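For reference, the structure is listed below as structure tokens.
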Amino acid sequence: QVQLVESGGGLVQAGGSLRLSCAASGRTFSRYAMGWFRQAPGKEREFVASIRWSESNTYYADSVKGRFTISRDNAKNTVYLQMNSLKPEDTAVYYCAAARYYNSDYTTPEVYTNWGQGTQVTVSS
């Protein structure tokens with residue numbers, strides 16, 4: 001299986017930046033895609049960004065497009081989420097996820113098989 005370890009969350013002022021990291025280990029050869037989701041108190045977990053591992057195709061939620069960038073480092077088996085121009089509405093617990101099975105759409109939580117522990121991102125006004 002794929003094991004995920006996240007880091008990089010914290011407190012930042014509006015307009016600032018953070019970079020989240022997600023280190024993957026285990027049977028990474030069976031991984032099709034990696035994604036980032038977030039969940040605010042009282043809200044459902046929502047899609048943020050995804051990247052197909054073999055092709056590096058990326059996809060972003062409209063709410064973060066142009067501000068967030070998902071990337072990968074194959075040598076380190078790590079996926080990153082660079083977050084710029086942060087807004088208070090970005091405040092949430094951010095989760096890294098891995099999809100073991102092929103799917104044409106990696107924007108829904110149901111297609112992911114492994115999840116990280118989550119890291120808190122808080123953006124102050």
Side-chain angles (χ1 to χ4, degrees):
Q1 295 183 351
V2 176
Q3 294 83 45
L4 307 176
V5 180
E6 300 171 331
S7 62
L11 175 65
V12 65
Q13 292 187 356
S17 299
L18 284 174
R19 190 183 74 164
L20 306 183
S21 299
C22 177
S25 62
R27 297 174 61 86
T28 56
F29 54 83
S30 63
R31 176 183 60 217
Y32 283 90
M34 299 287 292
W36 288 96
F37 291 77
R38 66 187 183 187
Q39 187 168 21
K43 299 182 65 177
E44 296 294 318
R45 190 168 299 186
E46 67 173 345
F47 169 78
V48 176
S50 66
I51 181 169
R52 296 179 185 266
W53 204 255
S54 63
E55 303 169 342
S56 296
N57 300 78
T58 59
Y59 191 83
Y60 298 91
D62 288 341
S63 59
V64 306
K65 191 175 299 182
R67 299 187 298 120
F68 291 10
T69 302
I70 187 171
S71 61
R72 70 181 187 190
D73 186 332
N74 284 346
K76 295 183 172 64
N77 285 317
T78 300
V79 64
Y80 304 94
L81 184 68
Q82 178 67 46
M83 304 184 294
N84 298 325
S85 301
L86 283 163
K87 307 173 181 179
E89 62 196 86
D90 295 319
T91 296
V93 177
Y94 283 71
Y95 297 91
C96 176
R100 185 178 181 183
Y101 305 105
Y102 171 80
N103 201 287
S104 60
D105 184 5
Y106 291 102
T107 65
T108 61
E110 289 75 18
V111 305
Y112 292 89
T113 54
N114 299 87
W115 294 82
Q117 77 283 1
T119 183
Q120 177 70 47
V121 172
T122 302
V123 184
S124 62
S125 300

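These numbers were taken from a predicted model, which means no experiment stands behind them. FYI, side chains are in, hydrogens and waters are out, and symmetry mates aren't considered; it's all heavy atoms of this structure.
- The heavy-atom pair separating Leu4 from Cys96 by the smallest distance is CD1-O, 3.5 Å.
- Between Gln39 atom CD and Glu44 atom CD the span is 6.5 Å, to the nearest 0.5 Å.
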Given Lys87 and Asp90, is the salt bridge (Lys or Arg N to Asp or Glu O under 4.0 Å) satisfied, shown in steps? CA-CA 5 Å; Lys87 307 173 181 179; Asp90 295 319; over 6 Å; no

Could you walk me through whether Tyr102 and Val111 pass side-chain contact (heavy atoms from CB on, under 4.5 Å), step by step? CA-CA 8 Å; Tyr102 171 80; Val111 305; over 6 Å; no

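- Looking only at distances, a side-chain donor or acceptor of Thr91 sits under 3.5 Å from a matching main-chain atom of Val123.
- Taking Phe37 as the reference, Phe47, Tyr112, Trp115 meet the ring pair (Phe, Tyr, Trp, His ring centres under 6.0 Å) condition, with sequence neighbours excluded.
- With contacts defined as side-chain heavy-atom distances shorter than 4.5 Å, the pair Phe68/Leu18 does not qualify.
- A distance of 12.0 Å separates OH in Tyr106 from OH in Tyr101, rounded to the nearest 0.5 Å.
- The structure places NZ of Lys65 at 6.0 Å from OH of Tyr59, a figure rounded to the nearest 0.5 Å.
- Sorted by first and then second residue, the pairs that involve residues 5-24 and meet side chain to side chain donor-acceptor pair (under 3.5 Å), not counting sequence neighbours, are Ser17-Asn84.
- Taken to the nearest 0.5 Å, the OG1 atom of Thr69 stands 11.0 Å off from the CE atom of Met83.
- Taking each heavy atom of Arg67 and Ser85 in turn, the nearest pair found is NH1-O, 3.0 Å.
- The two atoms that bring Val64 and Val48 nearest to each other are CG2-O, 3.5 Å, heavy atoms only.
- Of the residues listed (Tyr94, Trp36, Tyr80, Tyr95), the one engaging Cys22 in a side chain to side chain contact (heavy atoms under 4.5 Å, CB included) is Trp36, and it is the only one.
- For the atom pair Ser25 OG and Asn77 CG, the distance stands at 8.0 Å (nearest 0.5 Å).
- Although no hydrogens or angles enter the test, the distance criterion places no donor-acceptor pair under 3.5 Å between the side chain of Arg52 and the main chain of Asn57.
- Between the CG atom of Leu81 and the OG1 atom of Thr119 there is a distance of 11.0 Å, given to the nearest 0.5 Å.
- With sequence neighbours excluded, no residue forms a side chain to side chain donor-acceptor pair (under 3.5 Å) with Asn114.
- Heavy-atom minimum distance, Ser125 versus Ala14: CA-CB, 4.5 Å.
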Could you go step by step and tell me if Asn103 and Thr108 meet the side-chain contact (heavy atoms from CB on, under 4.5 Å) rule? CA-CA 10 Å; Asn103 201 287; Thr108 61; over 6 Å; no

